[in-house]
A.B. asks: 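Just passing along the structure, written as structure tokens.
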Amino acid sequence: MAAIETNTEDLLARVDDGVAVVTMSRPERRNALSGPMLDAMARVLSQLEVDDDVACVVLTGASRAFCAGGDVKGMAQRSSGGGSGWFDESIHRQRLQQRATAGKLWEMPKPTIAAVGGPAAGAGLSLALACDLRYMTASAVMTTAFAKVGFAGDYGGIWFLSRLIGSAKARELYYFSDRVNAVEAERLGLVNAVFPDDTFEADVMARARQIADGPRIAYRYMKENFNRSMNGDLFECMDMEAAHHIRTGQTDDHKEAALAFTEKRAPVFRNR
């Protein structure tokens, strides 16, 4: 296991047997987002995207929370506004942060997992929704939360949520900011599975390591197929699938898997 330097205590990161674990770490604020946390997350995700030792990225939170979203208490303590350029500068800065965090989790050519071990709210929920897979403890809850603090929402939450559960239900969760428990989250399709609290970390890491041991080149193209299919024409998507299918069929991993199938054994993928 190798630690990754993040230059802040607000974010921890490590690589463990092909799995990168990125931990939001402000437990006294339920891991609410901070400037240093977001800056570090952007740097770390950019680094992990091109790290050949990393096959899967797990985003989680310290202690008994995932992420409470924006630090509302900190917002209340700060004065709003600044000089004449403050408004435009703030919008541009947040656009960059969103693309480098939620956007990166969604687009990087590696599977990403949100391990929701506690409350996920606001932009924290958006970050979880940006991941390919979400696993949740039985005691955790999710909420959009934005309406309760007079915000419209950010970090792509509306885009991700609408595609996961449909526009009508997504609108309801945004307008009313209801708390969604684990049972309801699984029923709606917000999470892939709910694990017991006492085995949660081990259960999530087992899933992540299964991905890390799998055909990484194929996963890269699978993720691209899924992402582009969300806004693409059917025949364009089928054409892309054909190209990617033939491409992965030329890899050593495919040849090894085919041989392992005939020999009735598990394949050993070497990512080439």
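In this text, all values refer to a predicted model and were calculated from it rather than measured experimentally. What's counted below: heavy atoms across the whole structure, side chains too, no hydrogens, waters or symmetry copies.
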A.B. asks: Under a 3.5 Å distance rule, please check whether Asp253 uses its side chain to pair with a backbone N or O of Asn271 as donor and acceptor.
C.D. replies: yes
A.B. asks: So do the side chains of Ile113 and Val19 get within less than 4.5 Å of each other, counting heavy atoms only?
C.D. replies: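 No; the side chains remain at least 4.5 Å from each other.
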A.B. asks: Under 6.0 Å from the CZ atom of Arg95, do we count more than 12 heavy atoms belonging to anything else shown?
C.D. replies: no
A.B. asks: Please check if the side chain of Ser229 supplies one atom and the backbone of Cys237 the other of a donor-acceptor pair under 3.5 Å.
C.D. replies: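 No; judged by distance alone, with no hydrogens or angles, the pair does not exist.
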A.B. asks: Are Phe195 and Phe66 linked, directly or through other ILVMFWY residues, by side chains that come within less than 4.5 angstrom of each other?
C.D. replies: no
A.B. asks: Crowded around Arg43 CZ? As in, over 12 foreign heavy atoms under 6.0 Å?
C.D. replies: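 More than 12 heavy atoms, drawn from other residues, nucleotides or ligands, come within 6.0 Å of this atom.
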A.B. asks: Checking side chain to side chain contact (heavy atoms under 4.5 Å, CB included) between Met37 and each of Thr6, Leu11, Asp71, which is the one that passes?
C.D. replies: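 Of the listed residues Thr6, Leu11, Asp71, the side chain to side chain contact (heavy atoms under 4.5 Å, CB included) partner of Met37 is Leu11.
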A.B. asks: For the pair Arg26 (side chain) and Asp10 (backbone), establish whether a donor and an acceptor sit closer than 3.5 Å, ignoring hydrogens and angles.
C.D. replies: no
A.B. asks: Report, one line per pair, each donor and acceptor closer than 3.5 Å where one atom sits in a side chain of residues 139-155; sequence neighbours left out.
C.D. replies:
residue	atom	partner	partner atom	Å
Ser139	OG	Asp197	OD2	2.4
Thr143	OG1	Ala145	N	3.2
Thr143	OG1	Ser177	O	3.1
Thr143	OG1	Asp178	O	3.4
Thr144	OG1	Leu173	O	2.6
Asp154	OD2	Gln94	NE2	2.9
Tyr155	OH	Gln97	OE1	3.4

A.B. asks: Apply salt bridge (charged side-chain N to carboxylate O under 4.0 Å, His left out) to Arg14 and list each qualifying residue two or more places apart in sequence or on a separate chain.
C.D. replies: Glu201
A.B. asks: Can you list the steps and then say if Ile4 with Leu48 is a side chain to side chain contact (heavy atoms under 4.5 Å, CB included)?
C.D. replies: CA-CA 10 Å; Ile4 298 174; Leu48 296 176; 3.6 Å; yes
A.B. asks: For the side chain of Arg216 and the backbone of Asp52, is there at least one donor-acceptor N/O pair under 3.5 Å apart?
C.D. replies: yes
A.B. asks: If I take atom NE2 from residue His244 and atom CD from residue Glu224, how far apart are they, to the nearest 0.5 angstrom?
C.D. replies: 4.0 Å
A.B. asks: Quick check for you: to the nearest 0.5 Å, what is the distance between Asp233 atom CG and Asn231 atom CG?
C.D. replies: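 Output value for this atom pair is 12.0 Å.
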A.B. asks: Honestly curious: do Val194 and Ile165 fall in one hydrophobic cluster under the side-chain, below-4.5 Å linking rule?
C.D. replies: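 Yes.
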A.B. asks: Between the main-chain N or O of Ala65 and the side-chain N or O of Asn31, is there a donor-acceptor pair closer than 3.5 Å?
C.D. replies: yes
A.B. asks: Heavy-atom count check: over 12 atoms from other residues, nucleotides or ligands less than 6.0 Å from Glu184 CD?
C.D. replies: yes
A.B. asks: Hey, mind stepping through Met24 and Leu127 against side chain to side chain contact (heavy atoms under 4.5 Å, CB included) and telling me if it holds?
C.D. replies: CA-CA 11 Å; Met24 296 172 283; Leu127 289 172; 4.2 Å; yes
A.B. asks: Would you kindly confirm whether Leu105 and Val204 end up in one hydrophobic cluster when ILVMFWY residues are joined by side chain heavy atoms under 4.5 Å apart?
C.D. replies: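 No: no chain of side-chain contacts under 4.5 Å links Leu105 to Val204.
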A.B. asks: Is Arg209 paired with Asp16 through a side-chain N to carboxylate O contact shorter than 4.0 Å?
C.D. replies: yes
A.B. asks: Tell me whether Arg134 contacts the main-chain N or O of Leu190 through its side chain, where contact means a donor paired with an acceptor under 3.5 Å.
C.D. replies: yes
A.B. asks: Answer yes or no: is there an ion pair linking Arg270 with Glu256, defined by an N-O contact shorter than 4.0 Å?
C.D. replies: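 Answer for the salt bridge query: no.
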